[in-house]
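Structure, as structure tokens:
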Number of protein chains: 2
Amino acid sequence: MNISQAAVQSGVSSKAIRYYEGIGLIEPARRSDNGYRDFDDGDVHMLRFVARARGLGFSVIEVAELLALYRDRERASAQVRKVAQGAIRRIEDKVAELQSMGDTLKHLVERCHGDQRPDCPILDDLAGRH
Amino acid sequence: MNISQAAVQSGVSSKAIRYYEGIGLIEPARRSDNGYRDFDDGDVHMLRFVARARGLGFSVIEVAELLALYRDRERASAQVRKVAQGAIRRIEDKVAELQSMGDTLKHLVERCHGDQRPDCPILDDLAGRH
DNA sequence: CTTGACGTTCCAGTAACTAGAAGCCCTAAC
DNA sequence: GTTAGGGCTTCTAGTTACTGGAACGTCAAG
């Protein structure tokens, strides 16, 4: 099948597929006589693996590791677990950071009357006036 | 004062100050006779405003808006509030997304025995085997 | 006078793609 | 036969918010 079919079936855009091939995340696709990339169900399956891993917050580099582990019959689940735990920690750190930012902003918005007056606690805070 | 002093006092790196100037977020700094940028306490104050706003998750474009509102004596706090609420929503969306990813990953890690066996629920999930 | 720590500009690189240009290829309709 | 439309190819550039580094000017100390 052509790239757009593979894109639809896998949930990875054509552009992204070419990009993944370009950076070496996935093997270069076979080519038809006309030079078009040619995908089969196995390729689509693998692209779905990539899409799901990316959606779970794994970086492209981590996805490459996971694909290697997936291909390796001898891989140990401990290694996979380690990659996953790294991703979890990164995610949790990011959540904590975002929540802290959000809390501060919400607090400021609550105190902001939000009308036509030029007096604004949000700007006051940003300006360092307490 | 020179750029590195301003950087230390404001918490914005020298590189970032030049970058902000380059993209027009802040006014071009005055120059000393030797061509060095010259900052005063007012500049540092403004840089701190930028640093705090960035730290709260405002995009550079939003910071530009906030600076304009801050400079504008006639600005209405409603406008500021609107920008802040936009930032809050973006943050909340991101948190929800990250938490969903994290929850799934944690669930998978729990079910992964994490030993030397090549059997791994995480890879099984990524591969679409349920 | 030299050394080393600053300052300057400009170019490249980061992450993970997306957008768009220029140019084949294929199919179907006229 | 050819023309119109899509889809395919490659390539470059743009995105966000900077950071790192090269090449070079400037300044204060010894």
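Throughout, protein chains are lettered first and strands after them, A, B, ... in sequence-line order, and every chain is numbered starting at 1.
Between the NZ atom of A:K15 and the C1' atom of C:dG20 there is a distance of 7 Å, rounded to whole Å. Between the CE atom of B:M1 and the P atom of C:dG7 there is a distance of 12 Å, given to the nearest Å. Distance CD1 (B:I17) to P (C:dT9): 13 Å, rounded to an integer number of Å. Regarding A:N2, its CG atom lies at a distance of 10 Å from the P atom of C:dT27, rounded to whole Å.
At C:dC25, none of the side-chain N or O atoms of A:R31 fall inside 4.0 Å of OP1 or OP2 (strictly under the cut-off). For B:S13, no side-chain nitrogen or oxygen approaches OP1 or OP2 of D:dC18 to under 4.0 Å. For D:dT16, neither phosphate oxygen OP1 nor OP2 lies less than 4.0 angstrom from any side-chain nitrogen or oxygen of B:S59. The side chain of B:R37 places an N or O atom within less than 4.0 Å of a non-bridging phosphate oxygen (OP1 or OP2) of C:dT8. OP1 or OP2 of D:dC27 sits under 4.0 Å from a side-chain N or O of B:N34. The phosphate of D:dA17 (OP1 or OP2) has no side-chain N or O of B:Y20 nearer than 4.0 angstrom. Side-chain nitrogen and oxygen atoms of A:R18 include none within less than 4.0 Å of the OP1 or OP2 phosphate oxygen of D:dG7. Phosphate proximity of C:dG7 to B:S4: present, with a side-chain N or O under 4.0 Å from OP1 or OP2.
Judged by distance alone, the side chain of B:R31 and the main-chain N or O of B:Y36 form no donor-acceptor pair under 3.5 Å.
Relative to the side chain of B:V60, the nucleotides D:dT26, D:dA17, C:dT9 differ in distance, and D:dA17 lies closest. Nearest to the side chain of B:Y36, among D:dG25, D:dT9, C:dT18, sits D:dG25. Here C:dA16 is the nucleotide among D:dC18, C:dA16, C:dC10 with the atom lying nearest to any side-chain atom of A:R54. The side chain of A:I3 lies closest to D:dT9 when the candidates are D:dT9, C:dG7, C:dC17.
Of all non-hydrogen atoms in B:A84 and B:F58, the two that sit nearest each other are CA-CE2, 3.7 Å.
Within a 6.0 Å sphere centred on CZ of B:R30, other residues, nucleotides and ligands contribute more than 12 heavy atoms.
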Checklist entry - Passes salt bridge (Lys or Arg N to Asp or Glu O under 4.0 Å), A:E92 versus B:K106? Steps please. => result CA-CA 11 Å; A:E92 283 179 343; B:K106 273 179 247 175; 3.1 Å; yes
